Amino acid sequence: MLRYLALKAGRALFVVWAAFTLTFVLLFVLPANPVDLLFDPAELNTVTPEVRAQVAESYGFNKPVVLQYLARLGHALTGDFGNSVQSGRSVTATILDVLPSTLVLASGALVLALLVAFAIALVATSTRRPWVRNLVEALPSGAVSVPVFLSGILMLQIFSFQLGWFPAFGDRGVKSLVLPVITLAIPVAGPIAQLLVRSFATEFRSGYVTTSWAKGATRSGIIVRDVFRNAGLPALTIAGITFGNLIAGSVITETVFARQGIGRMTQAAINTLDVPLVQGVVVLVAASFALINLIVDLIYPLLDPRLRAALAVGSPRAA
Amino acid sequence: MTVPLDTLAAPARRGSARPLLGRLGGLARQPVLMVSWIIVLVVIGWAVAPRLFTSYSPYEGDSAASFAPPSVEHWFGTDRLGRDLFARTVYGAHTTLTATLLAVLIAFGIGTVAGLIAGFSGGIVDTAVMRLVDVFLAIPSLLLAMVVVSVLGYSTQNIALAVGISSIASFARVMRAEVLAVVTQDYVRAAYGLGRGRLGVMLRHVVPNSLSSVVALAALEVGTAVLAVASLGFLGYGAPPPQPEWGLLVAEGRDYVATHPWAAIMPGLALALVVVAAHRISTSYRKEHRR
Amino acid sequence: MTDVPEREEDPLLRIAGLAIDYRTGRRRWTPAVRGVDLHVDPGEFVSLVGESGSGKSTLVQGALGLLPPSARIRAGSIAYSGVDVTGWSDQRMARVRGNYVGFIPQDPNTSLNPVKKIGQQVIESVRFNAPDARNAAQHREAALESLRTAGLKDAERVFHQYPHELSGGMKQRALIAIALAGRPRIVVADEPTSALDVTVQKVILDHLMRLREELGIGILLITHDLGVALDRSDRILVMQDGRIVEEGPVRQVLENTTHDYTRRLLDAAPARQAGRLEPTSGPRARPTDTSPVLRARALTRTYQLRGGRGRRRQLRALDGVDLVVRKGTTHAIVGESGAGKSTLASILVQFTAADSGTVHIGDRELTGLGRRELREIRRDLQFVFQNPFTSLDPRFTVGKLVAEPLQAFKLATGKQERTARVVELLGAVALDESHLHRLPAELSGGQRQRVAIARALAPNPGILVLDEAVSALDVSVQAQILQLLVDLQAELGLSYVFVTHDLGVVRLIADDVTVMKGGVVVETGPVEQVLRSPRHEYTRELLEAVPGAGINGAGTSGGERVGAAIAHQA
C-alpha cells in the first residue's frame, strides 16, 4: 500500500517538474532572443540596447542556461514564478486574483455536466423504446462536436439578445453565471456521457445482472442497486480528461462572455507574450491535473473492493 | 480419414473482402452515415476546388450590401464589408482542412510509432515514453497548442504543428494499449513458435492488428482537430484577418452577434456539421471493427 | 401468497411448442428454438443436453423471461404450475422469478456483483421474495440459513466477504444460496459446473442431488456434458438445432437410442471408447524405438506476487518437475486449474523461461539457448494452443496462416512450391483448397483447430506440444480432432505432449500420463497402470470425479463410477 502511494505520488511530482522544465525550454530557451519577448511587440523598436542589457541582467538571461533554470526552479519550489511582465505584479498573486472566478465557473459546469451525463446514461439504459435510446445516445457526440465558441454565441443570441433572460457579459451575480456554466458544461458532459452510456450498457448485460433478474429484482431496482455503482466508477478514470476540457473550455467561454478568469488571463498573457505568467499558469494546470489523478488513484481502491484486495495482498505479476 | 463432420459450423462473422457495392448498399441503409459522408466529401470539395461551389470572391465585397441577411443570393448572408459569407466559408475550408490534416498526420505518425515502440519493447523504454506522454497529457491540449503557437509565431501552419504536437500523446497511449493487448494474444506467441523473429512478429502481426483502433481514433481526431484549429483561429492565433478561416470568420462575426447573428452563426454551423459528420463516421468505423 | 396458485396435478414447469427467434436483420428473424415441449415434475431431476448452438441456453432464458431484446417468442407457451406466464411483463415476471423458479447461472466468476458483499446479495434475494414484510434481522437469518443450505459451512464468514475473496466452487455455492433464498419450487441450472474443476463439479452436483431430496424441489439442468446428465438425472432431453430430438428416462435413452444424433453424441463421449483410439489406417504398430525425444529435469518456476507492506510473496507454479517423452508416443499431462500444467507446456517450448532445471530435445539442451538457436530447434518442436479462436491471426487467410512457418523457416521458397505444400498440409488435416482464402472468422471451431494443427505440422516437427487442444470444442468435434491426431501420429511418427484437464481424453490418446497438482508431479507412468491402479490419493479422487459412469450404459450397472469403468477397459 505504501509502495503504491509512493509510486503514484512520485509520478505526480515528476509530471509537475517535467511541465515546468518543458515550459522553461519552450519559453526561455527556444526563442532566439527571450529578452524581446519581455517587451510589448509594438514598442520593441524603441527599446535601446542599454535597456535590453539591463533587463537581461535583471532576468538573468546573461547567465548560462543551466544556472537560469536552476534559479527559476528554486524559486518555483517556493511558489515564486517571478513577476508578470505586463503588470509587474507577482505571477502567483495575479493567478490567485482570477482563480476564484474560474473555480466557480468550472465547478458549476462540472456539477451540471455530471448531472446531465448520468441522466443521459440512465435514460439510455432504462428506456425500453429503441428510438428514445438512439436519440439520447446521439446527444453526447453532438455535445463534443459543437465548438464551444459557437454554442456560447448561440446562447448569447437566444437567451440574452432575443429573450433577454440573462445578461450578455460581465461577472456580477448568479444570473450572469448561468449562460457560461451551461456553455462550458456541454463539451465537458459529452465525453463523460459517452463513457457512462457505454459502461451502463456493458454492466447491464453482465452476469450479475442476470442473477439479479433471477432473484426477482425489477428493472429500476437493478439499475439503482447493481448497475449504478459498477458503471459509475469508470467515470473517475477520465477525471483528468474532464479537467482538461474544463480548462480549455473556460479559455473560450471566458472570452465569449467577457468574464474574468484564468482562461481569459492566459489568453491575454499569451497575446502579450507575458512569459512568466504563461509558465505559471501551465505549471499550475499541470499540478492540478497531477493532483486530481493522484486523488483518483487513491480513492479508486476504496470504492472497488477487488482493487483494494489486490493492493493489500499483492497482485500476481510475472517476475 | 473421415470427412470433417463439423456440423455446428460457426456462422461467418464478417466477410473477408466485402465488395465495394455491398458496402455502398450497407451505407444506403444508414441514412445518417450517408449524409455524414456527403458532408465530408462536399467540404473536401470546397477545399480542393472552391470555384466550383461559389461564384463570389472571398475577399471582394459589395459595400452597398453590408450585412445582408441570408437569402437565395447570399446563402450565409454578407459581412460588414459586404463579402459573401458562403464564399468565405467555402474558401476557408482550404485553410482549416489543410491545417487539420497536417495536425492529424503529425500526431498519428509520431504518436503511433512512439506507442508501438513503447508497447513492444516494454521495460525502461516503455517507462520513459509513457512518463513523457503523462506530461503531455497533463497540459490540456488547447493550452499546450497556445503556448507552442506563441513560441513559433502566429500562422495557420504553426497552428497545425501545435495542434499536432498536443495530440501526439493520446495516439501514443491508445497505440501502446492496443499493442500490449495484441502482444499477449495467442497468435503472437504462436508466431514466435513458428519461427518468426521479433521484427517479423511486430510487422506482420502486431502492427496490423493494433492499427485499427488507432485509425478509428484518427477519424475521431479529425473532428477534434478541426475544432482545435478553429478554436485557435477564433482566439486570433491563426491566419491574419483578410484570410477566410473558419474560427476567424466566427470571431469576426461575433462582434455583431446582437444585431447580425448570421455572420457568426452560419460559418459556425458549417464547422459544427463537419465535426458531427466526422464523429459519426468514426463511430461507425469503430463499431465495424470492434473485436 | 405467491401469485402462482398451486394445482397439484400440474408440472412445476411446462413448456409447450415454444419457438424463439433472433433478429438478424431489419425484418429477418432466425429461429433458435423451434417448437420445444418440456416439463419438470415436483422432485424430478431433468437434464437438457446439447452442444453449442443447439439453443439450450435460449430456451432457458425464454423460460425465465430473460431473453435479450433481440429475441422474440414466436409461438408456444410457458407455464409454472399451470399458470401461463408467456408474454408477462418484467414487472409481473419479477414475482415469479426467485419466488417460484430459482436460477443458477453458468459462470460463477461473473455472476456475482463484484462490489457487494455476498451477504447483501443473498439478503436481496430473500427480501424480494419474502411473502410478508419481515425485519432486517430475519432477512439476515434467512440469508445465513440459505448459505448453509447451499453447503457453505462457514456461512458467517462468507456473509461478510466479497466475491473475489472466494474460490470458484464457493462462488457457485453462494449463487445456489441466492437461487434457494426465495424458496423456489424449481431450480433451473444453466451449465452450473462448466467453469469449475471436475472434483469441484462433483461436489456441487452431489449437493444439488441432495437438495432435491431434502427440499423436494424440481431441477432442470442444462449441460453440454452427456456424462453429467446420464449420471445425475431421472430423465434427459437431447437438443439439437433448436429441437428436442430425444427424450426419456436415462436407462431408456441409453438402451434404445432412437435418434442418430444422440447415438453420435454417445459414441463421441470419451467414456464410451474401449481404450486407446486406433488409427483409421489400421491397428498401429507399437513404437519399437522408445528412446526419449524430450526430457525435462527438475523444472522450477516461481512467480513473484507483488506484495503490500514491503512483503514479497511467491507462487510456485512449478516445483521440481521431471518429464520424459518417448519417441512416437503420447505423453499426457493432466491436472486441474492451478496444477502448473500450462506453465510446464509453455516452458517445454520456451515461451516461458524456467527459473531452474533443464529441457533436452534429443541430446540438445533447450534451456538457455539464444534466440537464433532456439528458432532452429523450434522447427522440430511445435505448439498447438487451447483456443483456436485466439491462436490464429484474425487478419490472415488460411493459406497465409499455414504458409507462415514455411516462410519464416525458409522451407519452401517459390510461391508455387509453397502453395503446393500448404494444400498438402490442409489435406493432411482433412481440409482442402476451398478453405485457402477463408479467414478464421469464417471457420468453425473444429476447422480452426485443424488449421492450427496443419500450421504446426508445416516445418515437419518431431514433437507437438498440445495445450488443452480439444478442450474448447464440442464433444463430437473433439472426437474427430483426437482421431486426426492419432492418424497423424501413426503416419508421421510424431511424439505428442498432450496437456489436458480431462481424464477421459487421456485414456483415448495417451501412452504415458503424468498427474500434476499444485505445481508438483503426484504420479507418472503408463496409462493402463495409472488409471487402473492409481497409487496416489489425488489421482483416485480425479478418476472418481469424472462424469459419465453410466454412459457405457447398456448392461453395466448405473451406479458404477467411470474410474472403475476406465480401469476395466484399460
Side-chain angles (χ1 to χ4, degrees), chain A residues 1-7 125-130 132-134 201-234 300-319, chain C residues 61 64-66 68-69 90-91 93-117 120-122 124-129 161-165 175 178-179 181-182 188 190 302-315 352 355:
Chain A
M1 195 68 200
L2 265 177
R3 226 180 107 91
Y4 175 81
L5 208 84
L7 189 76
T125 316
S126 55
T127 183
R128 257 165 283 203
R129 296 188 185 80
V132 174
R133 182 162 44 243
N134 287 339
T202 316
E203 297 296 329
F204 197 65
R205 279 194 305 267
S206 65
Y208 64 85
V209 167
T210 309
T211 307
S212 279
W213 282 116
K215 280 182 203 172
T218 54
R219 195 182 185 92
S220 50
I222 286 176
I223 292 175
V224 173
R225 264 190 306 269
D226 290 318
V227 176
F228 202 86
R229 174 123 172 248
N230 283 295
L233 271 182
Y300 210 96
L302 298 181
L303 300 174
D304 190 333
R306 285 163 294 181
L307 215 56
R308 190 163 60 217
L311 288 178
V313 182
S315 52
R317 173 87 73 93
Chain C
Q61 288 169 352
L64 289 159
L66 293 178
D90 272 348
Q91 220 76 9
M93 270 314 278
R95 289 190 240 164
V96 178
R97 293 190 285 246
N99 210 334
Y100 190 83
V101 52
F103 177 67
I104 304 173
Q106 174 164 14
D107 186 355
N109 298 315
T110 59
S111 295
L112 288 164
N113 191 337
V115 300
K116 276 189 188 172
K117 289 181 177 166
Q120 183 58 34
Q121 302 191 43
V122 184
E124 278 173 9
S125 189
V126 175
R127 199 154 41 94
F128 295 156
N129 301 298
Q161 280 178 311
Y162 285 103
H164 67 262
E165 296 173 278
L175 283 159
I178 287 174
V188 177
D190 184 7
T302 310
Y303 288 104
Q304 297 286 342
L305 299 181
R306 221 162 258 198
R309 302 188 201 97
R311 171 167 61 109
R312 282 189 169 250
R313 303 197 324 164
Q314 295 184 330
L315 176 78
T352 307
D355 296 337

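To find a chain, count down the sequence lines: A is the first, B the second, and so on, and within it residues start at 1. Please read all numbers here as calculations on a predicted model, not as lab measurements.
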Task: Spacing of A/Thr218 atom OG1 and C/Met93 atom CE [to the nearest 0.5 Å] - done: 14.0 Å
Open item on the list: One pair to check against side chain to side chain contact (heavy atoms under 4.5 Å, CB included): A/Arg229 and C/Asn113. What are the steps and the verdict?
Closed with: CA-CA 10 Å; A/Arg229 174 123 172 248; C/Asn113 191 337; over 6 Å; no
- [ ] Enter the distance from C/Phe128:CZ to A/Ser212:OG here, rounded to the nearest 0.5 Å.
- [x] 6.5 Å
Open item on the list: Which atoms of C/Gln121 are under 4.5 Å from chain A, going by heavy atoms: the side chain, the backbone, both sets, or neither?
Closed with: both
Open item on the list: I'd like to know if the side chain of C/Asn129 reaches the main chain of A/Lys215, judged simply by a donor and an acceptor atom lying under 3.5 Å from each other, with no hydrogens or angles considered.
Closed with: yes
Task: Point-to-point distance, once rounded to the nearest 0.5 Å, from CH2 of A/Trp213 to CG of C/Leu66 - done: 7.5 Å
TODO: Against chain A, work out which of C/Asn109, C/Ile178, C/Val115, C/Asp90 has the most heavy-atom pairs shorter than 4.5 Å and name it.
DONE: C/Val115
Task: Side chain proximity check, C/Gln61 to A/Thr210, heavy atoms < 4.5 angstrom - done: no
Open item on the list: Ignoring hydrogens, what is the shortest heavy-atom contact between A/Ala217 and C/Ala94? Give both atom names and the distance.
Closed with: O-CB, 3.9 Å
Open item on the list: Under the side chain to side chain contact (heavy atoms under 4.5 Å, CB included) test against A/Tyr208, which residue among C/Pro105, C/Ser111, C/Pro163, C/Pro114 passes?
Closed with: C/Pro114
Open item on the list: If I measure from the heavy atoms of chain A, does C/Asp107 come under 4.5 Å with its side chain, its backbone, both, or neither?
Closed with: neither
Task: Contacting region of C/Leu64 [heavy-atom separation from chain A under 4.5 Å] - done: neither
Open item on the list: Does any backbone or side-chain atom of C/Lys117 lie under 4.5 Å from a heavy atom of chain A? Answer side chain, backbone, both or neither.
Closed with: neither
Open item on the list: Which atoms of C/Ile104 are under 4.5 Å from chain A, going by heavy atoms: the side chain, the backbone, both sets, or neither?
Closed with: neither
Open item on the list: Taking side chain as everything from C-beta outward and backbone as N, CA, C, O, which of these in A/Arg225 sits under 4.5 Å from a heavy atom of chain C? Side chain, backbone, both or neither.
Closed with: both
TODO: Can you tell which part of C/Val101 gets under 4.5 Å to a heavy atom of chain A, answering side chain, backbone, both or neither?
DONE: backbone
